[in-house]
Engineer: 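Please read through the structure below; I'll follow up with questions.
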Number of protein chains: 2
Amino acid sequence: IDRGDAERLRELLAALHPADVADLMGFLSSDYRSEVVAHLDPEALAEILSELDTEIREDVLEHVPYATLAKALGEMDSDDAVDVVDDLEDDKRAQVLAAMPEIERTAIESSLAYEDETAGRLMQREVVWAPQFWTVGQTIDHFLKEADELPELFFDVYVVDPSHKPVGAVPVSHLLRTRRDAPLAQVMEAITEIPVQMDQEEVAYIFDKYHLISAPVVEPGGRLVGQITVDDIVGVIQDESEEDILALAGVSDAGRDAGVLGIVRSRLPWLILNLLTATIAVSVIAAFQNEIAKLVTLAILMPIVAGVGGNAGTQTLAVAVRALASRELNASNATRIFLREICVGMIDGAVLGSVMSVAVFLWFHDLRLSLTVGLALIVNVSIAAVVGTLVPLTLDRLGRDPAVSSSVFVTFATDSMGFLSFLGLAAVILL
Amino acid sequence: IDRGDAERLRELLAALHPADVADLMGFLSSDYRSEVVAHLDPEALAEILSELDTEIREDVLEHVPYATLAKALGEMDSDDAVDVVDDLEDDKRAQVLAAMPEIERTAIESSLAYEDETAGRLMQREVVWAPQFWTVGQTIDHFLKEADELPELFFDVYVVDPSHKPVGAVPVSHLLRTRRDAPLAQVMEAITEIPVQMDQEEVAYIFDKYHLISAPVVEPGGRLVGQITVDDIVGVIQDESEEDILALAGVSDAGRDAGVLGIVRSRLPWLILNLLTATIAVSVIAAFQNEIAKLVTLAILMPIVAGVGGNAGTQTLAVAVRALASRELNASNATRIFLREICVGMIDGAVLGSVMSVAVFLWFHDLRLSLTVGLALIVNVSIAAVVGTLVPLTLDRLGRDPAVSSSVFVTFATDSMGFLSFLGLAAVILL
């Protein structure tokens, strides 16, 4: 299909949703992709670019001439355009920006000036506003006259004061159902302003909490500079929770189309760190070599104590990381939740310890061995609860992401304490 | 503050966003809460109820008289009302429904008939529609006349054919910028229909992919019965990713305000299962008792092989679960990704094996021991890659949630294979 008929290809693509075209591009080889891209006009390219995955987009961008790309960027919402420009290599970026009209270039450059993952990067500059002294009727008439200037789609009209500070918002559906002579200032609703420098995770939290559809973004001085809409937030929420899942498992994201080496690079550092901590943890075992030589059963049972402790720690950690992310866990209830986790750990430990005591007695018919395993499990599962809560809380208080590197600490603690508690108790009780 | 002044309390609460009031309620003890609730009128109660966490809401609902609750439910969007009614105990539910007007009761009852976590449950029945032969002007005039009948906020007007099947949608902002004499059929956009029985995870995927703000929900016959808006989707996405994080760590969600026993109940089953699999895994060690008795160093090194393998398995598992959730991993590329993971596992294993070989040689000055550790790590990390990909893929193909119970399988495999590969190789090479 791809070879001959350019006209027909264009028709086919036009009939599809840009997100579906982007999916298709993912399945094509790089050669075919550049073939397809060559047939797209700037408008079609603009729609597809923002849907493509980063790696595929980088590949596509290499085949697009500067002039076409500059035109496509002009067609895009400013937030999507900034995203694309951000991905370009430095020299290509300069050339593309040079090919754009002054106004659009300035807009993109000033957006790029905001830090990554802040409201300033997330926002689009296209925003619909009206002065506070207008009536509903004046506003609607103005929109009809200036229809070409309006964004494709908008949900709120921001009402601004003479210094261009937002003072309220009127949802578009309210404009439709209100009498024409009502002043905007009377029908507008309270707004939640988002400062440009706010972290995107915080922005997502606010959108979720107050069920916002869109919110005005303001400069430090309070002037309206853009807006964030909820569809951008959906992406942020997914990215952040994906980050948490991967970070808890000790993986840096390698991207969908990373090669084998890219993936190795994203995982090996954590595995080497784990190898190091595991080596330190087993040095505890080395200290008890004589005891193990006397009673090999100890070598059989010690991984159980360490492993179950590790699991209990992972549970506590995942719950704490999630609670921190959703702000259910915060300074005001940290102590209460910490104490609750310790109680849970002790009860879990007691149950697991009892079960294992009985099992070990049935297996080895040694009452003191079964007592040792039981006590060690109680100790290690309780320690797991303490560490699994304390590590993410501490990282969070230090301003670090509690999901990253927590599990290394927790596994290290449950491994070494598992070996120490079991072998130490064994040395006291058994030998 | 809570005691004396009812009037002032009501004023204070009215000044706050319902989400903030709900937060405050979370901090109050149950007694104070019922005090506050007693002072709320049905409208205020309606706004707050949908913001409360489940446990707190249950507590609050116990203190609200049937009649007030019935009125409050009438004020709520139908999706929120259904949520609340779903939480009520059976006898209270019947009494509250009986106190509601016929129409609202029927609406709630038929929504409850849809399965949990489907589009039917997620949707609100309040939906704005217009016949396809109307013009933009007719539609706007109709809204002005019937303003009281319209939902508080809406984003799209669904255009329906005579059999009430949706044929397109007009975003409200388009109504504002289009000439009054344009027929709706001409300005409407394509819609993505959501069947009532669609799973909410699938709905969220569609919203994210096509950047939808709202979508019409249709009955099996194709009739428009409601709509889903993106703000409901934000909640779904957070719930689903939270489920994945917790499931991977082996925790069932106990809810924010669960007591110690509730939490124990959510974690203990997984820990007991883990205790069981760990016991089976260490039975591998029992088979090599004699070898360990001869060379205690084996007992020191074997947890490293098992532990690093477990980590590599967790990494692969987390990446696979996430890729399955975002549909980056599917039937069309499963084989390719599986092979890629095996390559990654072998390379990671080779690097880790080499590092550890050198370390062990430096530690114990035993070339054959260092060779054994190195080979065992290569074997176990490769197995981890296979299992970490295959387990979630298989669960997914069986129609099960790939996040739930995967880690139990993977840990079991990497533990037992870690012990087996290391001790087995040791038996062959060393002894």
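As a basis for the values below, the full set of heavy atoms in this structure was taken, side chains included, without hydrogen atoms, waters or symmetry mates. Protein chains get the first letters and strands the later ones, always in sequence-line order, with residue 1 at the start of each.
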Engineer: Going by heavy atoms in the side chains, are B:Ile213 and A:Phe155 under 4.5 Å from each other?
Structural biologist: yes

Engineer: Top residue by heavy-atom pair count (under 4.5 Å) with chain B, among A:Gly250, A:Pro171, A:Gly307?
Structural biologist: A:Gly250

Engineer: To the closest 0.5 Å, what do you measure between NE2 (A:His211) and OG1 (B:Thr229)?
Structural biologist: 10.5 Å

Engineer: Between chain A and each of B:Val284, B:Val308, B:Val344, count heavy-atom pairs under 4.5 Å; write down the option with the most.
Structural biologist: B:Val344

Engineer: For the interface with chain A, which of B:Leu248, B:Val296, B:Asp232 has the highest count of heavy-atom pairs at distances below 4.5 Å?
Structural biologist: B:Val296

Engineer: Between chain B and each of A:Glu242, A:Met302, A:Glu146, count heavy-atom pairs under 4.5 Å; write down the option with the most.
Structural biologist: A:Glu242

Engineer: For the interface with chain A, which of B:Tyr210, B:Phe154, B:Trp270, B:Trp363 has the highest count of heavy-atom pairs at distances below 4.5 Å?
Structural biologist: B:Tyr210

Engineer: Hey, could you give me the CD1/CZ distance between A:Ile347 and B:Arg267, rounded to the nearest 0.5 Å?
Structural biologist: 11.5 Å

Engineer: Taking the side chain as every heavy atom from C-beta outward, state whether B:Asp20 and A:Lys209 have any pair of such atoms under 4.5 Å apart.
Structural biologist: yes

Engineer: If I compare all heavy atoms of A:Val351 with all of B:Ile272, which pair ends up nearest, and what's the gap?
Structural biologist: CG1-CD1, 4.5 Å

Engineer: Looking at chain B, which one of A:Leu175, A:Asp231, A:Leu298, A:Asp348 has the largest number of heavy-atom pairs inside 4.5 Å, strictly under?
Structural biologist: A:Asp348

Engineer: With a 4.5 angstrom heavy-atom cut-off, is it the side chain or the backbone of A:Ser332 that approaches chain B, or both, or neither?
Structural biologist: side chain

Engineer: Based on non-hydrogen pairs under 4.5 Å, which of B:Val321, B:Thr411, B:Ile292, B:Thr279 is most in contact with chain A?
Structural biologist: B:Thr279

Engineer: Using a cut-off of under 4.5 Å for heavy-atom pairs, which of A:Glu51, A:Glu240, A:Arg322 has the most such pairs with chain B?
Structural biologist: A:Arg322

Engineer: What distance separates B:Leu246 CG from A:Gln315 CD, expressed to the nearest 0.5 Å?
Structural biologist: 10.0 Å

Engineer: Minimum heavy-atom separation for A:Ile285 and B:Pro303, please, with both atom names.
Structural biologist: CD1-CG, 3.7 Å

Engineer: For residues B:Arg177 and A:Leu144, report the shortest heavy-atom separation together with the two atoms involved.
Structural biologist: C-CD2, 3.9 Å

Engineer: Look up atom CD1 in B:Ile300 and atom CD in A:Gln289, then write down how far apart they are to the nearest 0.5 Å.
Structural biologist: 4.0 Å

Engineer: Counting heavy-atom pairs closer than 4.5 Å to chain A, which one of B:Leu176, B:Ile237, B:Leu150, B:Val234 comes out on top?
Structural biologist: B:Leu176

Engineer: Nearest 0.5 Å please: distance from the CD1 atom of B:Ile304 over to the CG atom of A:Leu275.
Structural biologist: 6.5 Å

Engineer: Minimum heavy-atom separation for A:Leu352 and B:Leu268, please, with both atom names.
Structural biologist: CG-CD1, 4.0 Å

Engineer: Relative to chain B, which segment of A:Pro18 carries a heavy atom at a distance below 4.5 Å: side chain, backbone, both, or neither?
Structural biologist: neither

Engineer: Does any backbone or side-chain atom of A:Leu377 lie under 4.5 Å from a heavy atom of chain B? Answer side chain, backbone, both or neither.
Structural biologist: side chain

Engineer: What option among B:Thr139, B:Ile233, B:Leu153 has the most heavy-atom pairs under 4.5 Å with chain A?
Structural biologist: B:Leu153

Engineer: Among A:Gln238, A:Arg179, A:Lys145, A:Lys294, which residue forms the greatest number of heavy-atom pairs with chain B at distances under 4.5 Å?
Structural biologist: A:Gln238

Engineer: Give, as side chain, backbone, both or neither, the part of A:Phe288 having an atom under 4.5 angstrom from any heavy atom of chain B.
Structural biologist: neither

Engineer: Could you measure the distance from the CD1 atom of B:Ile245 to the CG atom of A:Asp244? Nearest 0.5 Å is fine.
Structural biologist: 5.0 Å

Engineer: What residue in A:Ile140, A:Thr314, A:Asp208 has the most heavy-atom pairs under 4.5 Å with chain B?
Structural biologist: A:Asp208

Engineer: With a 4.5 angstrom heavy-atom cut-off, which part of A:Val172 approaches chain B: side chain, backbone, both or neither?
Structural biologist: both

Engineer: Which residue pairs pass the salt bridge (Lys or Arg N to Asp or Glu O under 4.0 Å) test when at least one of the two sits in residues 307-321 of chain A, sequence neighbours left out?
Structural biologist: none

